[in-house]
2 protein chains.
Amino acid sequence: MLKLKDLPDSKILTKFAERYPEANIDGVMHFLTLLRVGSDLSDVLDNFLGQYGLLQGRWWVLILLMREQDLTSTPSSLAEKAGVSRATMTGLIDGLDKEGLVIRVTNVEDRRKFHIKLTALGQSKLDEVMPEYYRRVDRLMSILSPEEGDVLTSMLIKLQNNRDVFK
Amino acid sequence: MLKLKDLPDSKILTKFAERYPEANIDGVMHFLTLLRVGSDLSDVLDNFLGQYGLLQGRWWVLILLMREQDLTSTPSSLAEKAGVSRATMTGLIDGLDKEGLVIRVTNVEDRRKFHIKLTALGQSKLDEVMPEYYRRVDRLMSILSPEEGDVLTSMLIKLQNNRDVFK
DNA sequence: AGATTATAGTTAGCCGACTAACTACTTGTC
DNA sequence: GACAAGTAGTTAGTCGGCTAACTATAATCT
C-alpha cells in the first residue's frame, strides 16, 4: 500500500496548490498521514508475525478457524472472511497444511467442499503468537487514552463510510 | 495489507480473551480498525488511479519528479523517496518510459547515473489526474471538521512514533 | 597510480496477491 | 430424471513487490 516515504511538506504542497487550486492542503496531509501510518503499522505487524514463520494471510486463517465452534471451516468461507480470492486461499491452505497447522478433511455431505480444521499444532502456534501479539498491541495503543482510542475509531469509521466519494 | 473482512465482534474477542487474558479488547478493536480503514482507503485510491492507467507506484514517481525544480531526479533517489527498492524502481521507470511519461537521459558527470525527467506527456497526465484527486480527497476528508482532522493526525503520529514497541 | 571499497542501475528468480479458465459436484427446472 | 445453471476448489498465467547477485563506474586509501 502506501510506500511513499517522503510525504510532502507544506512548501511542496503550496507549490502544487498553485498549479492545482483544488488542493486542500490540510486534508491531503491528513489523508496521506492516515495511509502512511496504516501501512507502517501493517508492516510492523508482518514483521512481528514473520518472527513466528507467519504472514498476515496465514495468521488470519488460523484465527478464523479458532473462532469456529469446531475449529473447522471451508476454503470458500475462509476466503470470503479473510478478504482474499479462493485461489489465494488454496495457496494459504497448502502452506498451512504442509506445516501441519491445518488439515483438509473430505466432506461427505458435499463432495465439492473440504473441511479445513485447525490442528493441535496450529492451536499451539496460536497459543505461542497471540499472547505476545496482544501484549504488543496493548503497548502500542496505550499511547492513547481509552477516550482518545474511541475518538480515533469513530473518526476512522466516518471516513470508512464516506469512502465512496472516491469512486 | 489488512485484507481481513470479518473483524472480530466483542463476543469473539471475549472468547479469545478467556484463552488469552493479555487481550485488551478495546485496544485490539482500535488497532484493527486503523489497519482496515487504511487498507480500504488505499484500495480506493488504487482504484481511482487505475481509471487513469496508473497505480500508486508509478503515480508517486511522477509526483516526485514534479516536485523537483528541473523535473529531474535519479532512480536511486526516487526509490528512496518512494520507499521501494532500486530494482522495483527500475521496473516502474521502464513502464513510465515505455508510455512516454518520463525519459532516461545519460548523466555525463557520473556515468553510473541517469537523469530521469518528467516529459510534457507526463506533466499532462498529472494535470489530468491531480485536480480530480484533490477534489476527491477534499470530499472524503470534509466528513471531518478541520479540528477533527488535526486531532486525527496528531493521534496517528503518536501511534507512528510508538510503533517500535511492536518490534 | 593501482588496488580496494562503495555506489548506481539492471537482471534473475522468488513470493503472495490477482483473474480466468477448468474439473467436479450439486441444485433447480422442465 | 435429464439437463442447465450454479458453486467449490484448483491450476495456469500475470503483476508488482522483494532480495541477491552482477556490471559498470566512481571514490578512497596506501
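Numbers restart at 1 for each chain; the letters A, B, ... are given by sequence-line order, proteins then strands.
- Remark: P of D:dA24 and CD of B:Glu109 are 22 Å apart, rounded to the nearest angstrom.
- Residue A:Gly91 is out of contact with every strand shown, counting any heavy-atom pair closer than 4.0 Å.
- Atom-to-atom, CD of A:Glu80 to P of C:dC18 comes out at 13 Å; the value is rounded to the nearest Å.
- Among the atoms of the strands shown, none is found under 4.0 Å from any heavy atom of A:Arg58.
- Residue B:Leu55 places its side chain closer to D:dG16 than to any other of C:dC18, C:dG9, D:dG16.
- With hydrogens and angles disregarded, a donor-acceptor distance shorter than 3.5 Å links the side chain of B:Ser142 to the backbone of B:Asp138.
- The NZ atom of A:Lys113 sits 12 Å away from the C1' atom of C:dT27 (whole-angstrom rounding).
- Under a 4.0 Å N-O distance rule, the pair B:Arg19/A:Asp127 qualifies as a salt bridge.
- When each of C:dA17, C:dT11, D:dG17 is scored by its nearest atom to the side-chain atoms of B:Thr90, the top-ranked nucleotide is C:dT11.
- In terms of modelled atom types and a separation under 3.5 Å, the side chain of A:Ser154 and the main chain of A:Val151 share a donor-acceptor contact.
- For A:Met89 and D:dT11, the CE to P distance is 16 Å, given to the nearest whole Å.
- At a cut-off of 3.5 angstrom, counting only N and O atoms as typed in the model, there is no donor on one side facing an acceptor on the other between the side-chain of A:Arg112 and the base of C:dT26.
- Closest to the side chain of A:Ala87, from the set D:dG9, D:dA12, C:dG9, is D:dA12.
- Base-pairing analysis of DNA chain C finds the following stems of at least three consecutive Watson-Crick or G-U pairs, with both pairing distances under 3.5 Å: C:1-30 with D:1-30.
- Per the geometry, NZ belonging to A:Lys98 stands 10 Å off P belonging to C:dC15, to the nearest Å.
- Taking the nucleotide of DNA chain C with the nearest heavy atom to each of A:Val84 and A:Asp110, the more 5' of the two is matched to A:Val84.
- Summarising the local packing, CD of A:Gln160 is surrounded by more than 12 heavy atoms from other residues, nucleotides or ligands at distances under 6.0 Å.
- Look at A:Arg111 and you won't find any side-chain N or O under 4.0 angstrom from OP1 or OP2 of D:dT7.
- Going from atom CG of A:Leu4 over to atom P of D:dG17 covers 13 Å, rounded to whole Å.
- Considering only the side chain of B:Ser76, C:dA8 comes nearest among C:dA8, C:dT10, D:dA26.
- Relative orientation of the B:Tyr20 and A:Tyr134 rings is tilted, given thresholds of 30° and 60° on the angle between their planes.
- In this structure, B:Phe114 places its CZ atom 13 Å from C1' of D:dT23, rounding to the nearest Å.
- For the pair B:Thr88 and D:dG16, the criterion of a side-chain N or O lying under 4.0 Å from OP1 or OP2 is not met.
- Considering only side-chain atoms of B:Ser85, the nucleotide from C:dT19, C:dG16, D:dT19 that sits closest is D:dT19.
- Counting any heavy atom pair closer than 4.0 Å across all strands shown, B:Arg86 reaches a base atom.
- With distances taken from any side-chain atom of A:Pro75 to the nucleotides D:dC18, D:dG9, C:dA8, the minimum falls on D:dG9.
- Note: CD1 (B:Ile93) to P (D:dG16) measures 15 Å, nearest angstrom.
- Between B:Lys81 and A:Leu4, the shortest heavy-atom distance links the atoms O-CD1, 3.6 Å.
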Step by step, would you call B:Glu99 with B:Lys125 a salt bridge (charged side-chain N to carboxylate O under 4.0 Å, His left out)? CA-CA 11 Å; B:Glu99 290 175 28; B:Lys125 173 67 86 172; 5.8 Å; no
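- Between B:Tyr52 and B:Trp59, the gap from one ring centroid to the other reaches at least 6.0 Å.
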